[in-house]
Amino acid sequence: MTLDSRVSAIRTVALVGPAAAGKTLLLDALLAHAGVLAQAGSIERGNTVSDHDPLEKRLGHSLQSSLAHFTHDGIRVHAIDTPGAPDFIGQALPALEAADTAVVVLNAQHGIELMAQRLLTAAGERGLARLIVVNKIDAPELDLPALLAQIRDVFGKACLPLNLPAGGGQRVADCFFAATGDPAIPPDFSSVADAHRALVEQVVEVDAGFVDRYLTEGDIDPKELHAPLEQALREGHLIPVCFCSARTGAGVGELLAAIRTLMPNPAEGNPPPFLQGKGGEPQPYPATPDPAAHVLAHVFKVVADPYLGKMGVLRVHQGRVARGGQLFVGHARKPIRVGHLFMLQGGRHVEVDEALPGELCAIAKVDDIAFDAVLHDAQEDEHIFLRPLDFPTPVHGLAISPARRGDEQKLWEVLARLVDEDPCLRIEQAGETHQTLVYGLGELHLRLLLERVRELYKGEVATEPPRIAYRETIAAAADGHHRHKKQSGGAGQFGEVYLRVEPLARGAGFEFVDAVKGGVIPGQYMPAVEKGVRSALASGVIAGFPVVDLRVTVYDGKHHSVDSKEIAFVTAGRRALMAAVREAQPLVLEPIVQVEVTAPEHSIGDITGDLASRRGQVNGTRTAVPGSLIVQGLAPLAELANYQTRLNAMTAGQGRYTLLLSHYEAVPPHTQAALVGAYQAGDEGD
């Protein structure tokens, strides 16, 4: 395929990294350098391109990914600015699906933070070219040589500087195209010649022909190294490091030049990980950035726009998306029409006629669109999809309800709309506790969700912690009996039931056995007996929680030819079950969860000790990304309420955790006594 010259001039980059690294200001600085802005905005004035949401302006940091584009020196750059707080990684990770280059921005004052490690690792796993940008090099009291050494120690020897700070952080000195440097711009540390030599040697290592040339001829003109450079970036053999200050503009022009001359166009990076087929063994699909091919575009962001409705933000990977064209969404049989096609410039929607491979665009008013959907223009492509991202599991829960009765459906619709926008939010209706639960990645995540809910719902909401889904069971066999007899002048009610309960293995559920002989309970009434038994199991016996893991055998009873009715046997079955359970050594069970805590290495001792104090059991540790470990263990869910707050204190905000239900175990005796007492007190109050 001969690459279309328009496509070869496209660069798509995602600015990722920890909070306060300066990604938003860096994008503004790039836009200003390219002439799109007369002057870069500022967080204090609330006039940056990326942070256009009123909530972002009020809080002073990014909450969602934002797009911008510009043309400069013959190339068209599409850039995605992403939030850096760990709670909003669900906005940052999808940007990696849309970009060819991940620009990992570090704060020179803070050094390497866990979010930078997570995102650099994720970008490598996705096969992206990676570029590290050390921002804020004009800050006082920096040790940039030590930071560069730390970058190489943590991220590997593939990290080499493309430029070096000069003039006390007011300029940068190029190290790639300048073999010995400019005498007028001496670097603040190291030497341009040494950095240049290291870069060239690293690049030529991927190509045996260039290795021979380098050994025989010495230095090679960097302009000849484009192909091996792209190979080194694809293979992760080179991760360039650039220095800059978005505030002063130092190094911003050099960064833009590096993006233009060194970073891959849509055909030079690793191909997107498309798969084709149904079932468990889909095969790789070789998408090509050819505007003439069938359309393949991926929805990496969904926005609920108050004026444009549901809007899907796309990366075009193959073909050409045109205004007025038709596209299929995934497996849908009916195509959608692209009525309007936009490119986003922060909060502005710029209408365009077409989008080519490598470009980012948006289509609006499409109710069927969803995050991670693949859009295509040929029905034979309906089984093509992009390899899914591995998102962290949302485990920080909140129960939410409307302040006004009758508004439950309206609130649910608002929540569902917000969950559509964020792959790390989850909503569920808890049948056991009758609560509407929203799960996110942390307190900040849910606090911002509530702000959005209040904005969209236009009403007050009440919140409370999720109730723990305890269960009840039995530890011994026992018999129960109840005779229900009611006479009220007319037709009476009569039903009598004898039954036995026996414990089953944990997780076995419930068995109902009809062992009645001689017709003492006619078959027509046995479903009513089972209904009564199930009713008691659902509402609980000693503490108000569902009863599980037992066998109920009905073995005797009586009926009356006139007064027996279904309602009588429902009541008799319910009361007989309750009587039996009370005599069967009843237990309250609590959920035990598998917990994985990711944190810096120096915090692991505190974390393991804290889990042990919460009745937890640590099963081991493993390496996550360089400088951090994952602690694996089991713990009661009830002991992990507000755990993120405690984890933040132990890890300076760098720790994250995930939970997965493992099994149920009996609660300690004092906990059972408290739960039973609270239930009985509630009954008396009622």
Side-chain angles (χ1 to χ4, degrees), residues 9-17 19-84 91-92 95 98-99 101 103-105 107 131 133-139 163 169-172 242-261 263 301 303 305 313 342-352 355 358-362:
I10 292 171
R11 307 288 184 274
T12 309
V13 301
L15 304 179
V16 298
K23 301 181 294 296
T24 296
L25 292 182
L26 181 57
L27 178 54
D28 259 48
L30 290 169
L31 289 166
H33 190 87
V36 175
L37 299 178
Q39 182 180 3
S42 76
I43 301 297
E44 294 74 22
R45 293 194 301 270
N47 63 344
T48 61
V49 170
S50 295
D51 289 353
H52 53 84
D53 184 88
L55 203 52
E56 292 177 315
K57 294 181 180 182
R58 177 154 60 85
L59 296 174
H61 59 81
S62 302
L63 304 176
Q64 54 193 335
S65 60
S66 183
L67 279 65
H69 59 275
F70 59 88
T71 300
H72 177 69
D73 203 10
I75 62 164
R76 186 169 182 79
V77 177
H78 291 263
I80 312 169
D81 178 29
T82 64
Q91 292 286 319
T101 300
V103 178
V104 182
V105 185
N107 184 331
L131 172 66
V133 173
V134 178
N135 191 19
K136 304 188 181 184
I137 60 171
D138 58 319
N163 53 48
Q170 298 305 306
R171 304 181 69 177
V172 298
C242 291
F243 292 85
C244 78
S245 168
R247 187 182 68 85
T248 66
V252 172
E254 289 80 357
L255 173 61
L256 187 51
I259 291 172
R260 178 177 64 83
T261 58
M263 294 300 106
K301 181 178 173 67
V303 180
D305 189 280
V313 186
F342 303 103
M343 286 185 182
L344 304 181
Q345 194 76 318
R348 289 195 304 116
H349 302 81
V350 181
E351 192 144 5
V352 296
E359 294 199 294
L360 310 182
C361 61

Can you confirm whether H52 sits close enough to S66 that some side-chain heavy atom of one is under 4.5 Å from a side-chain heavy atom of the other?
yes
Please give me the minimum heavy-atom distance between A99 and V13, naming the atom from each residue.
CB-C, 3.9 Å
Kindly indicate whether the side chain of Q64, heavy atoms from C-beta on, has any atom under 4.5 Å from the side chain of K301.
yes
For the student: nearest non-hydrogen atoms of A246 and A29, plus distance:
O-CB, 3.8 Å
Which atom of A32 lies closest to which atom of A40, heavy atoms considered:
CB-N, 3.9 Å
Return the CZ to CD distance between R45 and Q39, rounded to the nearest 0.5 Å.
5.5 Å
What are the two closest non-hydrogen atoms of I10 and G358, and how far apart are they?
CG2-O, 3.7 Å
side-chain contact (heavy atoms from CB on, under 4.5 Å) between L25 and R247: does it pass, once the steps are laid out?
CA-CA 7 Å; L25 292 182; R247 187 182 68 85; 5.7 Å; no
In Å, rounded to the nearest 0.5 Å, how long is the span from CZ of R58 to CG of D53?
9.5 Å
Taking R11 for its side chain and M263 for its backbone only, find out whether a donor-acceptor pair lies under 3.5 Å.
yes
C244 and side chain to side chain contact (heavy atoms under 4.5 Å, CB included): which single residue from N135, L30, V134 fits?
N135
Let's go through H69 and E359 carefully: what are the C-alpha distance in whole Å and the side-chain angles of both, what is the deciding distance for side-chain contact (heavy atoms from CB on, under 4.5 Å) to 0.1 Å, and is it a yes or a no?
CA-CA 9 Å; H69 59 275; E359 294 199 294; over 6 Å; no
Distance-only, no hydrogens or angles: does the Q170 side chain make a donor-acceptor pair with backbone N or O of A250 under 3.5 Å?
no
Atom pair CG (D73) and CD1 (I259), whose distance is rounded to the nearest 0.5 Å
12.5 Å
Given T24, which partner from the list D81, T48, T82 fulfils the side-chain hydrogen bond (donor to acceptor under 3.5 Å, both in side chains) test?
D81
As a quick check of understanding, evaluate side-chain contact (heavy atoms from CB on, under 4.5 Å) for V172 and I137, giving each step before the final call.
CA-CA 10 Å; V172 298; I137 60 171; 4.2 Å; yes
Is any side-chain heavy atom of L131 closer than 4.5 Å to one of L255?
yes
Can you see which heavy atom on L27 is nearest to which on S50, and at what distance?
CD2-OG, 3.3 Å
Could you walk me through whether L344 and V303 pass side-chain contact (heavy atoms from CB on, under 4.5 Å), step by step?
CA-CA 12 Å; L344 304 181; V303 180; 5.8 Å; no
I'd like to check T12 versus L360 (side-chain heavy atoms, cut-off strictly below 4.5 Å). Are they in contact?
yes
Indicate the atoms forming the closest heavy-atom contact of P83 with S62, along with that distance.
CB-O, 3.3 Å
Mind checking the CG-CZ spacing from L37 to F70? Nearest 0.5 Å is all I need.
10.0 Å
Is K23 reaching over with its side chain to a backbone N or O of G17, donor-acceptor style, under 3.5 angstrom?
yes
Donor-acceptor pair, distance only, cut-off 3.5 Å: does the side chain of N107 make one with the backbone of K136?
no
Taking the side chain as every heavy atom from C-beta outward, state whether H72 and R260 have any atom pair closer than 4.5 Å.
no
Return the CG to CD1 distance between L59 and I43, rounded to the nearest 0.5 Å.
11.5 Å
